[in-house]
Structure formats: structure tokens, C-alpha cells
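These notes are about the structure you will find just below.
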Amino acid sequence: MKIQEKALLDKIRGSRLKPIGLVKDSIGVTVDEAWRKIANFAVEPSVTLPLRGERTAEHVNTHWRQLARDAGIFSDNETFLITVVTTGSGDLGWVEVQLTPETDVSRLRDDQDRIEFIARSHSGHHVCGVTAEEYDYWIVSLPMDE
């Protein structure tokens, strides 16, 4: 296993998601396309939460989970695809993971200790991610154009 792949899977395991494996050839948007769509200046967040706050991490986890569920991100067995901010993650592509009762996506942090990731449905029809903006976390839920 390459160092980049191990770092990515360790970060995912740290959030209590269960990694199933790398997905090289998936239908739908690529990791790079998803980041461009989520980070687009014209995108409106579904939810905003302050970067700092007593219960910010808990609120990010709760709101993201509900928006992702509403958008159909999770399959019947609670699996979906994810990308997180870590060195080389764009080159590795999507990782198939399974949601667990203990999952806490607020642990998916970048080098600046900010929560950043994108989840995608298997079909590629929808993404739901968290980005750190100037003063807020943006939770963005977007349908994808095929």
C-alpha cells in the first residue's frame, strides 16, 4: 500500500467510517469535478455553521448526515463514495465507505484543522460536502449534471 493511500484510509478510519476500497472507474463526476462544483463561487450552501463554536463539530456531523440522507447519497447498506483533503487524494479517486453508528465526519480535517470532504452517491447523481470558508463551514448539497 502506498503512503498516500495509507494516509487517506487512516484519515477515513479516524472518522469511524468503514473503508471498503478505492474506486478507480466509477460513473459520474470525478473527484476533481466534484471539488470544482462544490467550491464554485456561485454555489449557495445548504447550511452554514461558524468555524469556531462550542458544538460546531457536532452540528456539522448532524447537518451533513441529514442532508446526505435526504439527497440519497447513502445506498441501502449505507455505503457511498468519499474524498477527503489529504496529499494525493485527488489522484487516488473516490473511496467507497460505509456509514457506521459511530461515524463522525467532523474528524475529516485538512492540514489547517478544518473539516473538508465531499461524499458522493454511487450513481454519481448527487454530492454533499463540507468546506471551510472564511468564517463558516458550508455544507453543500448539489445534484450533478450527467
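Of all heavy-atom pairs between F80 and L17, the closest is CZ-CD2, 3.7 Å. The nearest pair of heavy atoms linking V43 to W138 is O-CZ3, 3.4 Å. For the pair G72 and S121, the tightest heavy-atom approach, listed with the atom from each and the gap, is O-CB, 3.8 Å. The two residues P19 and V97 have their closest heavy-atom pair at CA-CG1, 4.0 Å. Of all heavy-atom pairs spanning G129 and I38, the tightest one is N-CD1, 4.1 Å. When all heavy atoms of E134 and L51 are compared, the pair lying nearest together is O-CD1, 3.4 Å.
A donor atom on one side chain and an acceptor atom on the other are not found under 3.5 Å apart for T100 and Q98. A side-chain N or O of T79 and one of N77 form a donor-acceptor pair less than 3.5 Å apart.
Within the structure, every pair that satisfies the side chain to side chain donor-acceptor pair (under 3.5 Å) test and touches residues 62-72, not counting sequence neighbours, is listed here: Q66-D70, R69-E78.
Considering CD of E33 and CD1 of I118, their distance stands at 11.0 Å, rounded to 0.5 Å. Between atom CD of residue E96 and atom CD1 of residue I82 there is a gap of 12.0 Å, rounded to the nearest 0.5 Å. R107 CZ to R13 CZ: the interatomic distance, rounded to the nearest 0.5 Å, is 15.0 Å. Rounding to the nearest 0.5 Å places NZ of K18 at 14.0 Å from CD1 of I12. Here the CZ atom belonging to F117 is positioned 11.0 Å from the CZ atom belonging to R109, to the nearest 0.5 angstrom. Taken to the nearest 0.5 Å, the CG atom of L81 stands 11.0 Å off from the CG atom of L22.
Remark: side-chain polar atoms of Y137 are paired, donor with acceptor, to backbone N or O of I115 under 3.5 angstrom.
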Verdict with supporting geometry, S106 and E58, side-chain contact (heavy atoms from CB on, under 4.5 Å) = CA-CA 7 Å; S106 72; E58 178 185 340; over 6 Å; no
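Looking at heavy atoms from C-beta onward, S15 lies out of side-chain contact with V105 at the 4.5 angstrom threshold. Between R120 and V29, the closest side-chain pair of non-hydrogen atoms falls below 4.5 Å.
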